[in-house]
Amino acid sequence: MASKLSTPISPYHHHHHSSDHRPLPPFTTPLQLPSKRRFTISCNSAKRESPPPPSAVAQEPKTPSLAEQLKPLSTTILSDQPNKTQLLSKPKSTWVNPTRPKPSVLSLQRHKRASPYAYNPQIKDLRQFAKKLNECDEYDCLAVIEDNPHSPTRENTLLVLNTLKPWKKALLYFNWVKSQNLFPMETIFYNVTMKCLRFGRQFQHIEELAFEMIEKGIDLDNITYSTIITCAKRCNLFDKAVEWFERMYKTGLMPDEVTYSAVLDVYAKLGKVEEVMSLYERGRASGWKPDPIAFSVLGKMFGEAGDYDGIRYVLQEMKSLGVQPNLVVYNTLLEAMGKAGKPGLARSLFEEMVDSGISPNEKTLTALIKIYGRARWAKDALDLWERMRLNNWPVDFILYNTLLSMCADLGLVEEAEKLFDDMKGSERRKPDSFSYTAMLNIYGSGGNVDKAMDLFKEMSEVGVPLNVMGCTCLIQCLGRAKRINDLVRVFESSLESGVKPDDRLCGCLLSVVSICEGEDANKVLSCLDKANPKLVAFVELLTGLEITNFEIVKDEFKTILSNTSIEARRPFCNCLIDICRNRNLDEKAHELLYLGTIYGLYPGLHTKTEEEWRLNVRSLSVGAAHTAFEEWMSSLAKIVQRQERLPALFSANTGAGTHKFSQGLGSAFALHVEKLKAPFRESEEKAGFFIATREDLVSWVRSKASSVMATV
DNA sequence: AGGCAGGGGG
């Protein structure tokens, strides 16, 4: 398919349009640059969006801030290279001249560990003591501490701090030892305590300890900084993480490779791909050899971005640096391949991993099963499942639930039921909300309302709460079966048991409204009113008897959309269009489609090349697709009237309907064009495409010029 | 004493 004809990007469809069976380029193929399309190492933009505030500028010229470090990239590395993307290929080549000093952004020397503890005969007692402190009531702590069988020497204290788990106890003990003034508190004591605080996600306390160190003149080393930075990261305080990295540069301490990859991860989690790549290249230019952990950070980042070229780049870099991927790297890259919509490449990467002698763990298998399920690759999914059994590969609870949802994706009802029964029969893997949601999804999408309702009853009997996702599955199923009274009952009891309706559930209710009439529609609307009264008010505005002008609709719709999560916006718009169409409010439907388009809900709806104009309706509902088709035809009529150039071919892409939810769009579209007597015919070669030639279309448009078109 | 990987719904 011509790449110019881009497919619509849909949050619901993003994992369905991939069906590559191409083998993974072997690990030994020559380096291929990631395309500029997905990420470009643009120094200008790194400068423009320089992540940290350049607070340290010019104070310490020898240790520039991160922003400063990123800024001179264009002059130090790119100056003699015409093509920016070459930056990615061989950063080393910039430094072939050994007389030029390498700029250094990181210390290649890892921190040397102090010698391991000498054998401590009191170790047993001390562990006992730590255990008691771990378990004691907060108010008894002091008594327990003073009951320490051994004096708190430097070594003893470290041992105890290392064994303390709850952060409150660790901090308490640390402060107590400090108050005893028995020996100077060195960096390591702070580091160990901070680690406990990080486990409890206590960033504030960590920061306080760090400031205390600065105040008392105790050195912060790379271990201190990396602990602070990763704690901030885990608490989602990314600005703090960057701030501390900046501070580190300011004081003149170079990050070592651990701190460096921790910071790479911070930028990666912020989605700052360009900054990550700049940092990565800076490190490489300084002679850094990234290790598997750094590569797993990069792989995860490209996976989150769905960037296949980036993933290939990571594989290629490892190859050219001679870094063998380990299990974690493989797991990360497998998942990334899934997110980039490359199930075939994930499969070959998995085989490569197994061939290289690495056994998959639960996470590997979870990733792969999920990928096959979403890609509807039933054979691969079942083969892998079989292999898991044959090889005795490890299975855990999450993998069980993933297998269940894979069955839901593939419509494997019997397999799911068997697995579900196995789980019920086992001691350690009783079905939880996830498992029930998967089953509700299976029965719901298979139209088996009675079994779905049985599960609903069972859940309250066994005490597994219905969550908002299970609720959505069930309501969708009841709506489709037009069992509106049951739907209302389920919805209300869910509210009572604490389910908080979200936008997806509202979208589901709205879609039920679109297929209902009269009293049924009102019942569902009153449910929706409890979750999203503004949406109901908007439906009334659209469908009420009062004449509403376009500007009001526009403003109200904009308000609704901006209060709706991104993934639910298009479904909302689709359903609202359907509601209008089903009530003969075609004009309102056209307004909504127009608004949806200008608010960016339908990117790639129209694609044009010299030869072909295409309407992509795969992410549209039936009513929205009809509306979009009519809109297209009326604009073509105008073009014909003005006698402007037209391509030889016109096509509409409805999708082949292989996905369980998108079935019916093609046939509904076929009926619609038939009704209009439009000359679109279903393509024989390409499933899911309707084709018309210029000649046929022009003569049809002319013949209709006064009637249908005038009304649209 | 410090860095990386897994489950959900149009």
Side-chain angles (χ1 to χ4, degrees), chain A residues 10-13 16 110-111 113-114 158 161-162 186-196 198 221-231 233 255-266 268 291-301 303 326-336 338 360-370 373 396-406 408-409 432-438 440-441 444-445 467-476 502-505 507-508 510-511 567-568 570-572 574-575 619 621 659-662:
Chain A
S10 150
Y12 296 131
H13 292 225
H16 297 141
R110 278 276 285 275
H111 198 279
R113 287 264 160 97
L158 276 179
L161 275 176
N162 260 322
E186 307 155 34
T187 305
I188 187 170
F189 290 92
Y190 284 87
N191 290 349
V192 176
T193 310
M194 282 184 181
K195 192 184 153 198
C196 297
R198 188 186 63 176
D221 61 14
N222 259 293
I223 296 174
T224 323
Y225 281 110
S226 62
T227 310
I228 298 171
I229 288 165
T230 52
C231 179
K233 187 177 72 188
D256 65 13
E257 58 179 343
V258 172
T259 313
Y260 208 70
S261 62
V263 169
L264 281 181
D265 196 35
V266 169
D291 62 8
I293 293 181
F295 284 120
S296 119
V297 167
L298 295 187
K300 171 115 187 179
M301 173 183 76
N326 62 15
L327 180 61
V328 175
V329 171
Y330 273 117
N331 287 352
T332 313
L333 291 175
L334 279 172
E335 219 201 319
N361 67 3
E362 296 90 333
K363 294 180 168 91
T364 324
L365 299 166
T366 300
L368 214 52
I369 287 289
K370 192 172 115 184
D396 66 4
F397 191 59
I398 290 181
L399 181 48
Y400 260 91
N401 278 341
T402 307
L403 285 165
L404 269 187
S405 18
M406 177 268 285
D409 283 332
D432 68 353
S433 296
F434 277 71
S435 329
Y436 274 97
T437 301
L440 285 171
N441 193 8
S445 50
N467 59 25
V468 64
M469 302 173 212
C471 182
T472 307
C473 291
L474 192 51
I475 281 187
Q476 183 190 328
D502 60 10
D503 291 338
R504 293 213 193 190
L505 177 50
C508 174
L510 199 61
S511 77
E567 82 275 5
R570 184 169 54 217
F572 274 25
N574 280 339
C575 290
S619 66
S621 59
H659 185 248
K660 63 184 172 189
F661 298 120
S662 69

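In the text below, chain A, chain B and the rest are named by the order of the sequence lines, each starting its count at 1. Not measured: the values here are computed from a predicted model. The figures that follow rest on heavy atoms only: side chains count, while hydrogens, waters and symmetry mates do not.
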*For residues A:I398 and A:E362, determine if any side-chain heavy atom of one lies less than 4.5 Å from a side-chain heavy atom of the other.*
no
Interatomic distance where [atom1] belongs to [X] and [atom2] belongs to [N] [whole Å]:
X	N	atom1	atom2	result
A:N162	B:dG2	CG	P	8 Å
A:D265	B:dG2	CG	C1'	13 Å
A:E257	B:dC4	CD	P	14 Å
A:K370	B:dA5	NZ	P	14 Å
A:L264	B:dG2	CG	C1'	15 Å
A:Y260	B:dG2	OH	C1'	17 Å
A:K363	B:dA5	NZ	P	9 Å
A:I369	B:dA5	CD1	P	22 Å

How would you label the contact of [X] with the nucleic acid (heavy atoms, under 4.0 Å): base, sugar-phosphate, or nothing?
X	value
A:L440	nothing
A:V468	base
A:D503	nothing
A:S621	nothing
A:T472	base
A:I229	nothing
A:T437	base

I'd like to know if the side chain of [X] and the backbone of [Y] have a donor-acceptor N/O pair within less than 3.5 Å.
X	Y	result
A:N222	A:Y225	no
A:D256	A:T259	yes
A:S296	A:V329	no

*What's the verdict on side-chain contact (heavy atoms from CB on, under 4.5 Å) for A:S619 and A:R570, showing C-alpha distance, side-chain angles and the deciding distance?*
CA-CA 8 Å; A:S619 66; A:R570 184 169 54 217; 3.7 Å; yes
Can you tell me if [X] touches the phosphate of [N], counting only side-chain N or O atoms and a distance under 4.0 Å to OP1 or OP2?
X	N	result
A:K195	B:dG2	yes
A:K233	B:dG3	no
A:Q476	B:dG10	yes

Any N or O donor-acceptor pair linking the side chain of [X] to the base of [N] at under 3.5 Å?
X	N	result
A:S226	B:dG2	yes
A:N467	B:dG8	yes
A:D256	B:dG2	yes

The side chain of [X] is closest to which nucleotide in this list: [options]?
X	options	result
A:K300	B:dA5, B:dG8, B:dG2	B:dA5
A:D396	B:dG8, B:dG9, B:dG6	B:dG6
A:I223	B:dG3, B:dG2, B:dA5	B:dG2
A:T230	B:dG9, B:dG6, B:dG3	B:dG3
A:N441	B:dG2, B:dG6, B:dG9	B:dG9
A:N331	B:dG9, B:dA5, B:dC4	B:dA5
A:D291	B:dG6, B:dG3, B:dG9	B:dG3
A:V258	B:dG2, B:dG9, B:dA5	B:dG2
A:S261	B:dG6, B:dG3, B:dA5	B:dG3
A:E362	B:dG8, B:dG6, B:dG9	B:dG6

_Testing the basics here: between A:R504 and A:A568, what is the closest heavy-atom pair and its distance to 0.1 Å?_
N-CB, 4.5 Å
*Check whether the side chains of A:N361 and A:N331 place a donor and an acceptor atom closer than 3.5 Å, and report yes or no.*
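Judged by distance alone, the side chains do pair up.
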